Structures are given as structure tokens and as C-alpha cells.
Amino acid sequence: MGDPAFPDGDGFLDGMRAVLMALPGIGVLFDREGRLVWGNDAFAARYGAQGDDIASHMTAEIAQDLMAPDRLNHATLTFASGRTARFSCSCIGGEAGFAPFLLLQEVENSTVSPTSAFVHQGLIQSREERDRARAAERRMREEVARWRRLSMTDRLTGLHNASGFHETAEAMLRDHEGAALVYADLNGFKMINDTLGHSAGDGLLRDIGQRIMAAIRSSDLAGRMGGDEFAILLPGCPPEELDKVTTRLRSAMQRRFPVERDGDQPTLILAVDAAIGAAMFPNEGATLDELLRLADARMFDDKHRSKFSRRPA
């Protein structure tokens, strides 16, 4: 069940599925256009595999009305078949009126006379009811927020993962007139994995992640983009400060590993340092993708120069 725009493997959707499956009853997720995204087993048992009774009558207008800033905490949805269901409504993934998803959890069923309309009306009447509904909604929001954080976090380093970095960085660029984007790759990382093992490689990546965070401001954004590649967004960083930042990052990402060898062989020193490229927003790139492409290309140029400079004379 679900819209093709939300494929398996999407971290946020995977988290929402877990939340929906844990609900004590019917739970269903819609997008802002009123399209069914996913429902739990109880939903499928009540409404069928495709949820036709509810999905065919939900519209973008109704979904966005339920997401409005002054929206109702609860709603009664009355179907063309004459059946009604009472739902609690939660905006997921953003503020009310802007959230991309609408979560409905059925809390009470009733039967009324048939009608040809699909309507909603507020049912919270007592303070006790309202307090219970708000407490349940708060717990739901906290659980969704936790899954959202997990879906955006690289579990090895604790930095943002690639999708989390993209989403957060794009939002930050919309809020700043200038920024710098730094892209870094570890020179010598493969040798660490090959010589000392993947456990040592994972330990190195965790250490590098911590060092990057210590080298940047709390307002900056760092992410592991995959393997041994990292991206750092520095909002408000002026061009004249960029060299200082990259120098600090190079120092933070340098490591030396002495490896003792058998017999009279000298100790092997494994070295790790960073190849770095950077680009300025908006002068060198008006979008995050443009900045990443340019910074990545400059990082490869830096890696090539680094390899050339290490060749024996």
C-alpha cells in the first residue's frame, strides 16, 4: 500500500511505518494532496488493502484544512457509504499548515444515516477529553520526531547522513544570503581498512566525525555523505574566512597510525589526511546540488595534487 513517490528504504517513511504498526488501532498517513501514503494492518483490515472507502473521498482541500494552523485536534469523517469514523489528527514533518504529511488515528466508531458527502467536524467537548487528546498527540509527535532524527543520522559517526544533510542544508540555504560548502575525502583510508581491518576503519570514521564537530561552529552543519566522504555547510561564512576553516578541518582530519612489524623491520607509519574542495553560495552555486558538484570536483583536484606531491623525486 502506498504512493510510488514514497519507496521502501526511505528513512522517514520506514520510521512512520514503525510508528503506525505500533499504534493500538487504526492509523493511516496522507500527504498534503490527500493521497494515501500508508496504513497499518488494522487500517487494511477495516478499509481494505487500498483503503478505498476513505482514500477515494479524501481530497487535498480536506487534508490541508485538517493541517491548518487552527485545525481541529479531532475530526469525524463521514463517508458516502454512511459510515463515520472519529480520528485524531496530527501534522507530521513540519509546522501546522506546512507539514508534508497528515496522520489520522481512529479513536472511535459510530453509525449515522447515509450521506453523499465526506465531511469533518470537531468532537472535543470536555477539558478532560481535550487534555487526553493533547497528551496522546504529544506522545505521537515525540515518537515521530525520534524516528525522523534517526532517519537523518549516520549511525556510525552521529553526523547527518546524506539524505539528512541534503534536507537540512537546503533549508539552511533558504534562510541565509551567503554560505560556504566544504567537501572532504580521506586520503589513506583504504590502507587503514586493508592493514588494520574494518573495525579500525570504523573507529577512525567515528573519531574524524567528532573532530569535525569540534572544529566547526554549533550553527554549522556536518554530514557523512558515504564511505569516507564528508560535507560541511558554513552559513554566513565570508570568502576571506574560508581558508582558515579548511586549514582547521585539514588539521582535524589528520591522523598517524604506527604499526609494529616483525623482526628488525622499522615501524610502519600509516598516514591519513584530507583532500578538500569548497564552493561559495550563491556566487559559485545557487543550489545545494551545484555547490556539491563544484566542491566535489575541487576536492578531486586537491586529491590529485596531493598524490603528485608525494611521488618520490
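Everything numeric in this text was worked out from a predicted model, so none of it was measured.
The two atoms that bring A222 and L159 nearest to each other are O-CB, 3.8 Å, heavy atoms only. Contact between A274 and R250 at its shortest, heavy atoms only, is O-NH1, 3.1 Å. Between P282 and G178, the shortest heavy-atom distance links the atoms CD-CA, 4.4 Å. Between A275 and N187, the shortest heavy-atom distance links the atoms N-ND2, 3.6 Å. The two atoms that bring E229 and D185 nearest to each other are CG-OD2, 3.4 Å, heavy atoms only. Here the closest non-hydrogen pair linking G201 and N193 is CA-OD1, 3.3 Å.
Put simply, CG on L242 and OG1 on T247 are 9.0 Å apart, with the number rounded to the nearest 0.5 Å. Note that the CZ atom of F230 and the CG atom of D154 stand 8.0 Å from one another [nearest 0.5 Å]. Here H166 contributes atom NE2 and S163 contributes atom OG; the two are 9.0 Å apart, rounded to the nearest 0.5 Å. How far CG of D202 is from CG of D207: 12.5 Å, rounded to the nearest 0.5 Å. Between atom NE2 of residue H176 and atom CG of residue L234 there is a gap of 11.0 Å, rounded to the nearest 0.5 Å.
Formation of a donor-acceptor pair under 3.5 Å by the T246 side chain with backbone atoms of D243 is found in this model. A donor-acceptor pair is defined here as one N or O able to donate and one able to accept, closer than 3.5 Å; no such pair exists between the side chain of E241 and the backbone of C237.
Other residues, nucleotides and ligands place more than 12 heavy atoms under 6.0 Å from the CD atom of E240. The neighbour count for R256 CZ, taken as heavy atoms of other residues, nucleotides or ligands under 6.0 Å away, is above 12.
Residues I276 and M213 fall within the same hydrophobic cluster, defined by Ile, Leu, Val, Met, Phe, Trp and Tyr side chains chained together at heavy-atom separations under 4.5 Å. When the side chains of ILVMFWY residues are joined at heavy-atom separations under 4.5 Å, either directly or via intervening members, L156 and M152 end up in two distinct hydrophobic clusters.
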*asked:* Between L249 and I216, does the side-chain contact (heavy atoms from CB on, under 4.5 Å) criterion hold? Intermediate values first, please.
replied: CA-CA 8 Å; L249 287 169; I216 62 178; 4.1 Å; yes
*Criterion salt bridge (Lys or Arg N to Asp or Glu O under 4.0 Å) on R305 and D302, from CA distance to verdict*: CA-CA 5 Å; R305 287 193 299 270; D302 186 48; 3.6 Å; yes
*For side-chain contact (heavy atoms from CB on, under 4.5 Å), just list the numbers for L270 and R255, CA-CA rounded to whole Å, side-chain angles, deciding distance to a tenth of an Å, and then say yes or no.*
CA-CA 8 Å; L270 300 180; R255 292 294 306 276; over 6 Å; no
*Show the numbers, then the answer: is there a side-chain contact (heavy atoms from CB on, under 4.5 Å) between M253 and V272?*
CA-CA 7 Å; M253 299 175 76; V272 174; over 6 Å; no
*CA sep, side-chain torsions, deciding dist, call: F257, L204, side-chain contact (heavy atoms from CB on, under 4.5 Å)*: CA-CA 10 Å; F257 294 86; L204 172 60; 3.8 Å; yes
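Contact check for R217 versus P235: side-chain heavy atoms found under the 4.5 Å cut-off. At a threshold of 4.5 Å between non-hydrogen side-chain atoms, the residues I208 and F189 do not count as touching. Side-chain contact between F30 and L36 is present, with heavy atoms from C-beta onward closer than 4.5 Å.
Here L233 sits in one hydrophobic cluster together with F165, M172, L173, L181, Y183, L221, M225, F281, L288, L291, L292, M299, F300; the rule is ILVMFWY side chains under 4.5 Å apart, joined directly or through other members.
Checked against R224 for a side-chain contact (heavy atoms from CB on, under 4.5 Å), the options I212, N161, L205 give a single hit: L205.
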